[in-house]
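Worth knowing before you read on, the calculation uses all heavy atoms, side chains too, and leaves out hydrogens, waters and symmetry mates. Keep in mind that this is a model prediction, so the values were computed, not measured.
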Amino acid sequence: MAVELAPNKFAKALPVHLVARDGLETAGLSLSTVVWAKANGFSGEAGRVLVLPGEGGGVGGALFGIGKGEGALAVGALAKMLPDGDWQFATAPANADLAALAVVLGGYAFTRYGKKPGRALRFGLPAGADAARIRRIADGVFLARDLVNTPTNDMGPDALEKAVRDLGAAHDADVKVTAGEYLLRKNFPMIHAVGRASSQAPRLIDLRWGPKSAPKVTLVGKGVCFDTGGLDIKPAAGMLLMKKDMGGGANVLGLASMIMAARLKVRLRVLIPAVENAISANAFRPGDVLTSRKGITVEIGNTDAEGRLVLADALALADEDEPQMLVDMATLTGAARVALGPDLPPFYTDDEKLAAELAAASVAVEDPLWRMPLWRPYEPKLASKIADMNNVTTDGFAGSITAALFLKRFVEKTPAWVHFDIFAWNPVDRPHGPAGGEAQGIRALEQVIVNRFG
């Protein structure tokens, strides 16, 4: 389903009245509408739509329940629940931008493999809403969703590189790629080690955009296009969603799309180590010791903790450039899901100002995030008897925190670094998006970057 936002109200658009729980009498509705709602058991319960009769037996509008303080994104359910036609809010919602965005996001459908998008709706832009910004954000979210939803047979390292090149071409960005044995020549040994067993060469994709004199913002995204677990192989059930293990790369590309479309005054760099953690005679092994780009040696305690390895080389490169802001995003640990579930990604930073900005933006744009601690007393858990560090701990505790501490070792010069441990997936349908690939954290990040550099 696709929702088209009209820049102005339609002359004959049908009204959608937003009704709070038990708020029929205070919603400014006609007596006949209140009677109809009560006769149909509608009292403003969250997420319910009641179609109103029109003249001649047609549709005359709709009521939508917003419950007792449901967020603005809840109105995204309208995209799937309204009948065909042109619609608009009867009165502008409190947050016009977010409500309009929710309706657009709620109309998303992944149709690449023949799934029908269903009907298309047109929705009048609420008064005060910024149509151009809504579209930029929706396009970025849709890009991330599309990339995550695409299975690995069509979204391996080759295809992920093409997606970056296509995005770069659309915005006149420069894209360079270091692949295969050239990774060793250019000193990206851990990216090479993780991806060398795949039939598609491992690579580091490097996109740059914007004036060289502008403040530097660098985004690093985990691009593991499929993760078997390597020689420490996952069980079958553990592989079912591994097409989404490049969700960090997909999300930073969605954010990059928003930044470039807005023509923000930044020097943007996007780094995606794109690999497949496959199994072959030359796969890296448990017990191997890898030397990273930074020179830190890493003992491999588990080949299924590969994301932090490829990110480490990419973060080391990013840190050499000393950007004003460095963001990495990765579907890194199951521990983050155990701690906070699929809908609430943790983020880690030592920058108190950046943490406060992210927390405020998360609430403002309804993009859930939760700060977790870079708890230094856990660093010894990553100790190795033969190398500088291990890629996993032995006790299995605090897995998301220790993964963040691992990455922190590779960032020294950048004043503002933040790591996001995202899920990149909706396990069930949400009002603003169906089950499947999801953008997480990038709308909040866009808000922070606009506030800082826009």
Side-chain angles (χ1 to χ4, degrees), residues 1-11 13 15-18 64 66 70-79 82 86-108 120-146 167 170-171 209-210 214-215 217 219 251-266 268 325 357-369 430-433 438-454:
M1 181 183 298
V3 174
E4 175 191 344
L5 274 185
N8 299 302
K9 290 187 175 182
F10 299 114
V16 177
H17 302 271
L18 304 180
F64 181 76
I66 58 173
E70 294 294 317
L73 290 185
V75 302
L78 291 168
L82 289 176
D86 294 342
W87 296 86
Q88 64 190 22
F89 292 112
T91 57
N95 191 326
D97 275 0
L98 204 52
L101 176 65
V103 176
V104 175
L105 296 183
Y108 172 85
L121 297 178
R122 294 201 304 170
F123 215 92
L125 190 70
D130 184 340
R133 184 159 187 255
I134 291 167
R135 178 46 61 192
R136 290 195 299 267
I137 293 173
D139 285 347
V141 170
F142 289 173
L143 174 61
R145 288 176 178 178
D146 283 348
L167 180 64
H171 297 282
W209 173 90
V217 174
L219 313 177
N251 271 262
V252 298
L253 284 178
L255 177 56
S257 172
M258 298 175 191
I259 291 171
M260 292 188 290
R263 309 296 297 177
L264 295 183
K265 297 175 183 178
V266 298
L268 176 67
M325 180 184 291
E357 290 173 3
L358 284 166
S362 169
V363 173
V365 302
E366 296 187 20
D367 194 5
L369 295 171
R430 311 289 187 201
H432 59 283
E438 186 56 286
Q440 292 185 311
I442 61 175
R443 293 189 295 107
L445 274 165
E446 186 268 353
Q447 182 72 65
V448 169
I449 293 169
V450 166
N451 290 344
R452 282 198 169 200
F453 308 110

For Ala100 and Pro126, the nearest pair of non-hydrogen atoms, with its separation, is CB-CD, 3.8 Å

Find the distance between NZ (Lys265) and CD1 (Ile259) and round it off to the nearest 0.5 Å. 15.5 Å

Between Glu366 and Leu73 (side chain of the first, backbone of the second, donor and acceptor by atom type, cut-off under 3.5 Å), is there such a pair? yes

Check whether any side-chain heavy atom of Leu445 sits under 4.5 Å from a side-chain heavy atom of Leu219, and report yes or no. no

Rounded to the nearest 0.5 Å, what separates atom CG in Asp146 from atom OH in Tyr108? 3.5 Å

Measuring from Leu18:CG to Phe64:CZ, what's the distance to the nearest 0.5 Å? 7.5 Å

Report the C-alpha separation of Trp87 and Val16 in whole Å, then their side-chain angles, then the decisive distance to 0.1 Å, and conclude whether the side-chain contact (heavy atoms from CB on, under 4.5 Å) test is met. CA-CA 7 Å; Trp87 296 86; Val16 177; 3.5 Å; yes

Basic-acidic side-chain contact under 4.0 Å: Arg452, Glu357: yes

Do the side chain of Trp209 and the main chain of His171 share a donor and acceptor less than 3.5 angstrom apart? yes

Rounded to the nearest 0.5 Å, what separates atom OG1 in Thr91 from atom NE2 in His17? 8.5 Å

Report yes or no: does Asn251 contribute a side-chain atom to a donor-acceptor pair with the main-chain N or O of Gln440 at less than 3.5 Å? yes

Output for pair (Arg443 CZ, Leu98 CG), nearest 0.5 Å, gives 6.0 Å

Of all heavy-atom pairs linking Val104 and Ala138, the shortest is CG1-CB, 3.8 Å

Look up atom CZ in Phe89 and atom CG in Leu78, then write down how far apart they are to the nearest 0.5 Å. 6.0 Å

If you take all heavy atoms of Ile137 and Met258, which pair is closest and at what distance? O-CE, 3.5 Å

Start with the C-alpha gap between Gln447 and Leu358, add the side-chain angles, then the distance that decides, and say whether side-chain contact (heavy atoms from CB on, under 4.5 Å) holds. CA-CA 8 Å; Gln447 182 72 65; Leu358 284 166; over 6 Å; no

Measure across Leu167 and Ser257 and return the closest heavy-atom pair with its distance rounded to 0.1 Å. CD1-CB, 3.9 Å

Please name the pair of heavy atoms, one in Ala74 and one in Pro431, separated by the smallest distance, quoted to 0.1 Å. O-CB, 3.5 Å

What are the two closest non-hydrogen atoms of Ala79 and Val103, and how far apart are they? CB-O, 3.4 Å

Check against side-chain contact (heavy atoms from CB on, under 4.5 Å), Glu446 and Val365: CA-CA 10 Å; Glu446 186 268 353; Val365 302; over 6 Å; no

Start with the C-alpha distance between Leu255 and Ile449, add both sets of side-chain angles, then the distance that settles side-chain contact (heavy atoms from CB on, under 4.5 Å), and finish with yes or no. CA-CA 10 Å; Leu255 177 56; Ile449 293 169; 4.2 Å; yes

